[in-house]
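Before any comments, here is the structure.
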Amino acid sequence: MAFAVQLQDSLRRRERRVAGEFAAGDSLEAVLGRHLLAVEASAETELITSILLLDETGRRLWHGAAPNLPRQYCEAIDGSEIGPAAGSCGTAAYTGRAVYVTDVATDPLWEDYRDLALPHGLRACWSTPIHDPAGAVIGTFAVYHPTPRSPTPDEVSAIRLITDHVAQAILWSRDAGDGQPRADSRVEQAGKGKLKLVDGADGSENGDEPGRRTADRLQFYATRLDRYAERVESPRVARALRALAADCRRMVESLAAGRKRD
């Protein structure tokens with residue numbers, strides 16, 4: 001259990017720094033890259049990690065972060081379409097379930113991708129979907145190994161922990177407005193979605209989602225903001241986070257009042 005314990009400690013330290021990093025203008029890729037480096041440093045075996053982000057069409061995965069994955073490979077799979085047999089990540093994003101490929105050289109899911117992976121010594125790939133609070137897939141977290149193998153129960157637990165922390169960082173970037181996308185960056189284009197609040201007087205989100213779901217999401221973000229405020233080192237950033245949380249709760253109250261009037 002040493003890996004999971006050390007990883008949990010590393011990710012907690014990373015979580016305390018995330019809000020300050022975005023406030024300082026760091027990109028989503030840079031923040032996620034530090035998460036992945038912390039994961040790799042905590043591992044007891046040789047591995048390489050990556051994050052792909054699902055674009056707004058829900059059809060393609062774009063590079064999110066992969067500080068140690070070969071650049072040529074990252075570029076080759078950038079923008080790959082998801083599907084029922086699209087490697088580990090494309091399949092995980094398509095099905096919404098974890099996909100543990102123990103041998104890239106023989107697994108049928110990798111038929112169209114193994115020629116890209118094997119020259120770089122990528123022999124096993126375990127991919128887990130990253131979900132938003134509503135349960136929608138927003139990306140994938142992958143672990144590559146240089147030898148064919150399956151994950152241990154300890155590693156599966158660690159992967160779940162990692163995806164939770166990665167999801168928080170992605171949501172923070174999108175919904176709190178930090179880590180703004182650069183116009184020429186595909187990764188940031190894929191991760192640029194902002195929190196869509198109530199549009200119009202009918203209490204609906206994007207014209208087709210009920211106002212109650214909007215209120216639930218706002219409450220979720222308020223809680224997250226308060227958590228970050230407790231952990232950041234900068235008093236100025238903490239005050240800004242608490243102010244945002246208060247704004248979210250005021251909007252929840254306004255939505256509730258509007259439903260009562262209706």
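Please read all numbers here as calculations on a predicted model, not as lab measurements.
With hydrogens and angles disregarded, no donor-acceptor distance shorter than 3.5 Å links the side chain of D26 to the backbone of A30. Listed for the D78 side chain is no donor-acceptor partner under 3.5 Å among the backbone atoms of W62. Of the possible polar contacts, one joining the S42 side chain to the A38 backbone as a donor-acceptor pair under 3.5 Å is found. The backbone N or O of W126 lies less than 3.5 Å from no partner atom in the side chain of S88, so there is not a single donor-acceptor pair.
One distance of note links CZ of R249 with CG of L244; it measures 11.5 Å at 0.5 Å rounding. Between T163 atom OG1 and H131 atom NE2 the span is 9.0 Å, to the nearest 0.5 Å. Between the CG atom of N68 and the CZ atom of R71 there is a distance of 12.0 Å, given to the nearest 0.5 Å. To the nearest 0.5 Å, the span separating CD1 on I159 from OG on S127 amounts to 9.0 Å. Separation of atoms CZ (R114) and CG (L122) is listed at 13.5 Å; rounding is to 0.5 Å. Distance check, rounded to the nearest 0.5 Å: CD of E21 to CG of L32 gives 10.0 Å.
Checked against the 6.0 Å centroid criterion, the rings of Y73 and Y113 do not qualify as a close aromatic pair.
Contact between S80 and I77 at its shortest, heavy atoms only, is OG-O, 2.5 Å. Minimum interatomic distance between G58 and I82 (heavy atoms only, all atoms of both residues): O-CD1, 3.4 Å. Residues C89 and A142 share a closest heavy-atom pair of SG-CB, 3.6 Å. Across L109 and P84, no two heavy atoms sit closer than the pair CD2-O, 3.5 Å. The minimum heavy-atom distance between G33 and P67, with the atom names listed, is O-CG, 3.8 Å. Here the closest non-hydrogen pair linking P146 and E46 is CD-O, 3.5 Å.
The side-chain heavy atoms of R60 and L54, taken from C-beta on, include no pair separated by under 4.5 Å. Here the side chains of V101 and W110 are in contact, with some heavy-atom distance below 4.5 Å. Put simply, the side chain of L47 reaches to within 4.5 Å of the side chain of T49, judged on heavy atoms. Annotation: side chain of I51 is in contact with side chain of I130 (closest heavy-atom distance under 4.5 Å).
Checked by atom type, the side-chain pair E75/H63 shows no donor-acceptor distance below 3.5 Å.
For Y94, there are no side chain to side chain donor-acceptor pair (under 3.5 Å) partners, not counting sequence neighbours. Partners of R149 by side chain to side chain donor-acceptor pair (under 3.5 Å), not counting sequence neighbours, listed by chain and number: H145, E155. When the side chain to side chain donor-acceptor pair (under 3.5 Å) test is applied to R239, no partner is found at least two apart in sequence or on another chain.
Under a cut-off of 6.0 angstrom, the local environment of CD in E81 is crowded, with over 12 non-hydrogen atoms contributed by other residues, nucleotides or ligands.
In this structure, L37 is not a member of the same hydrophobic cluster as L69, with clusters built from ILVMFWY side-chain heavy atoms closer than 4.5 Å.
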Let me see the working for S50 and Y144 under side-chain contact (heavy atoms from CB on, under 4.5 Å), right down to the final yes or no.
CA-CA 8 Å; S50 77; Y144 292 88; 3.7 Å; yes
Please test D55 against T57 for side-chain hydrogen bond (donor to acceptor under 3.5 Å, both in side chains), starting from the C-alpha separation and ending with a verdict.
CA-CA 5 Å; D55 65 19; T57 71; 2.6 Å; yes
Verify side-chain contact (heavy atoms from CB on, under 4.5 Å) between T128 and R160, making sure each step is shown before the conclusion.
CA-CA 8 Å; T128 305; R160 294 195 189 102; over 6 Å; no
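Residue L53 is tested with L28, L61, I138 for a side-chain contact (heavy atoms from CB on, under 4.5 Å); the sole match is L28.
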